[in-house]
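Okay, so here's the structure we're looking at.
Quick caveat, the model's predicted, so the values are computed rather than measured.
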Amino acid sequence: MQGELLAAVVGIIGLVAGVAIGVVAASPLFRTRTAREEPPSQRHDGSTLPPGIAEVLSALPSSAVVLDSGDRVLRASSAARAFGIVRGEELVIGELLTLARKVRRDGVIRETDIEVAVRKFGPDATSFAVRVAPLGGTGLVLVLAEDQTEHRRVEAVRRDFVANISHELKTPVGALSLLAETVQDASDDPEAVRRFTERMQTEASRLTAVIQDLITLSRIQGAEPIAEPAPVELGSVVEEAIDTVRMPADAKGIELVGSGAEGVTVLGDEAMLGTALRNLIANAVAYSPKKTRVAVSVEVSRSTVDISVADQGIGIPQQDLERIFERFYRVDAARSRATGGTGLGLAIVKHIMTHHRGEVTVWSKEGSGSTFTLRLPRPESRELDASRNDNHQETAQ
């Protein structure tokens with residue numbers, strides 16, 4: 001795609017430059033003026049930008065830089081300056097400058113991938129797919145740098161997902177197969193059979209949970225926000241979610257407390273909101289020490305309704321906060337599997353909130369617990385936005 005884009009751009013720029021040069025050369029004014037008398041904007045000696053090229057470059061989504069015959073920057077897009085590729089009139093990435101000189105020397109288009117520690121992102125490196133090409137016979141060189149950081153991050157997440165789902169499914173399936181063989185060999189020992197069948201039930205439940213979460217995630221991700229949300233009473237949603245998790249909480253002596261939900265209504269899908277809240281409460285219970293407290297509170301502000309789940313658990317390291325909503329991402333994989341988690345719960349919560357035009361946020365400190373907040377637009381605010389959109393569409397028509 002980028003190669004085709006650059007080929008088209010170079011062709012357009014070459015055409016613009018050629019037409020401009022041809023028109024000027026055919027002009028009587030050109031024939032009567034000397035090179036010294038010619039205005040700088042009309043000269044094409046490799047040190048000025050031909051007319052029309054700037055407009056073409058401004059339409060490019062990539063970081064675009066045009067170098068003259070002396071390696072001076074004639075034109076640089078705002079993206080190129082924002083990423084720190086260009087400073088003033090200099091191309092500051094040595095690898096790109098070397099590549100540009102080779103292209104100017106032999107006229108051969110070159111491509112490469114580079115990683116740059118740019119100012120915009122502090123110490124983190126940004127990945128660029130680079131293509132460098134000559135601009136006709138003007139002595140100018142075009143450098144296009146496409147930011148590939150997000151694309152590569154998504155590819156890494158996809159690879160991790162495939163690897164993780166393979167592991168999550170193979171582990172219980174392998175355990176079930178091994179336990180079945182063990183039960184068969186221990187058929188004359190009733191106590192051993194009972195012990196192994198209990199483990200088989202545990203592994204089967206874990207496999208069922210993974211498959212169910214995968215089905216849920218597949219159903220909700222990528223879909224459009226709810227077109228016609230229904231009124232949802234948060235009091236019943238909070239009460240049901242707490243009741244669902246009460247048994248494992250009682251087993252650890254964890255107190256579950258709910259407050260502020262009575263009489264509060266939001267617009268959405270009751271089942272999906274219940275799933276999101278259950279996942280958060282279940283996580284809070286699973287990662288909290290015995291005899292602690294998990295509080296579910298609802299607060300109404302001017303434009304939003306916030307449902308918060310706060311625990312007194314182990315907390316989440318700062319470096320993991322940005323990734324905890326990724327599928328199968330675990331802060332502590334061994335502990336997560338010991339608690340029976342699938343690694344999909346928070347990803348499901350994130351997608352459910354996207355469906356409701358809301359968001360999920362998290363505050364956490366190691367050793368002090370975590371607070372997850374589901375932030376939903378108030379019904380009045382949402383209806384006002386919809387009314388404004390309708391009025392805007394009617395006006396446009």
I'd like to check L97 versus D71 (side-chain heavy atoms, cut-off strictly below 4.5 Å). Are they in contact?
yes

From H351 NE2 over to L344 CG, what is the distance, rounded to the nearest 0.5 angstrom?
10.0 Å

Hey, is the main chain of R293 close enough, under 3.5 Å, to the side chain of Q312 for a donor-acceptor pair?
yes

Look at atom CD of E255 and say whether more than 12 heavy atoms of other residues, nucleotides or ligands are closer to it than 6.0 Å.
yes

Heavy-atom closest pair (P379 atom, T265 atom, distance to 0.1 Å) is CG-O, 3.2 Å

Heavy-atom neighbours of E366 CD exceed 12 at 6.0 Å:
yes

So CG of L144 and CG of L96: to nearest 0.5 Å the spacing works out to 11.0 Å

Gap separating the CD atom of E322 from the CD1 atom of I324, nearest 0.5 angstrom
10.0 Å

In short, A76 meets V73 closest at the heavy-atom pair CB-CG1, 3.9 Å

Using a cut-off of 6.0 Å, state whether more than 12 heavy atoms not belonging to Q318 lie near its atom CD.
no

Any chance you could lay out the salt bridge (charged side-chain N to carboxylate O under 4.0 Å, His left out) test for R246 and D250, step after step, and finish with the verdict?
CA-CA 6 Å; R246 194 172 295 281; D250 290 344; 5.1 Å; no

Does D311 form a side chain to side chain contact (heavy atoms under 4.5 Å, CB included) with Y287? I'd like the steps, not just the answer.
CA-CA 9 Å; D311 63 54; Y287 291 99; 5.8 Å; no

Step-by-step side chain to side chain contact (heavy atoms under 4.5 Å, CB included) determination, V66 to L135:
CA-CA 9 Å; V66 177; L135 293 182; 4.1 Å; yes

Answer yes or no: are there more than 12 heavy-atom neighbours, outside Q319 itself, under 6.0 Å from its atom CD?
yes

May I ask whether V257 and I242 are part of the same hydrophobic cluster, defined by side-chain heavy atoms of I, L, V, M, F, W, Y residues being less than 4.5 angstrom apart, directly or through others?
no

Gap between atom CD of E270 and atom CG of L234 - 0.5 Å precision
9.5 Å

Locate the shortest heavy-atom distance separating L346 from F325; write the atom from each residue and the value.
O-CD2, 3.5 Å

As an exercise, state the distance from CZ of F372 to CD1 of I307, rounded to the nearest 0.5 Å.
15.0 Å

Going by atom types only, do S205 and T208 share a side-chain donor-acceptor pair under 3.5 Å?
no

Between the main-chain N or O of S301 and the side-chain N or O of T304, is there a donor-acceptor pair closer than 3.5 Å?
no

Could you check V360 against T373 for side chain to side chain contact (heavy atoms under 4.5 Å, CB included), going step by step and ending with a plain yes or no?
CA-CA 6 Å; V360 55; T373 301; over 6 Å; no

Report whether L277 and W363 are members of the same hydrophobic cluster (ILVMFWY, side-chain heavy atoms less than 4.5 Å apart, transitive linking).
no

Is the side chain of R195 donor-acceptor paired with the backbone N or O of P190 at a distance under 3.5 Å, no angle test?
no

Between H356 and D269 (side chain of the first, backbone of the second, donor and acceptor by atom type, cut-off under 3.5 Å), is there such a pair?
yes

Under a 3.5 Å distance rule, please check whether S364 uses its side chain to pair with a backbone N or O of G369 as donor and acceptor.
yes

Would you indicate whether the side-chain heavy atoms of L74 and L140 approach each other to under 4.5 Å?
yes

Is the backbone N or O of E299 less than 3.5 Å from a side-chain atom of D306, with the two atoms forming a donor-acceptor pair by type?
no

Side-chain heavy-atom pair F128, I85 within 4.5 angstrom cut-off
yes

Looking only at side chains, do R278 and T275 share a donor and an acceptor under 3.5 Å apart?
yes

Close side-chain approach of V237 and V232, heavy atoms under 4.5 Å:
yes

Path from V362 to L273 over hydrophobic side-chain contacts below 4.5 Å:
yes

Main chain of S288, side chain of K252: is a donor-acceptor contact present, judged purely on distance under 3.5 Å?
yes

Any side-chain heavy-atom pair of V130 and D113 under 4.5 Å
no

Measuring from L91:CG to R101:CZ, what's the distance to the nearest 0.5 Å?
9.5 Å

V309 and V294, any side-chain heavy atoms less than 4.5 Å apart
yes

Between A64 and A80, what is the shortest heavy-atom contact and its length?
O-CB, 4.1 Å

Might you point out which heavy atoms bring T197 and R194 nearest each other, and give the distance in Å?
OG1-O, 2.8 Å

Find out whether Q148 and E146 are in side-chain contact, i.e. whether some heavy atom of one side chain is under 4.5 Å from a heavy atom of the other.
yes

Does the T182 side chain pair with the main chain of L178, one donor and one acceptor, at a distance under 3.5 Å?
yes

With a 3.5 Å cut-off and no angle check, do the side chains of T371 and S308 form a donor-acceptor pair?
no

Side chain to side chain contact (heavy atoms under 4.5 Å, CB included) for L256 and V296? Distances and angles first, verdict last.
CA-CA 8 Å; L256 298 178; V296 183; over 6 Å; no

Under 3.5 Å: donor-acceptor pair, side chain of R375, backbone of T361:
no

Taking every non-hydrogen atom, the tightest pair across P134 and G107
CG-O, 3.6 Å

Just so I know, are the side chains of V132 and I109 near enough to count as touching, which here means a heavy-atom distance under 4.5 Å?
no

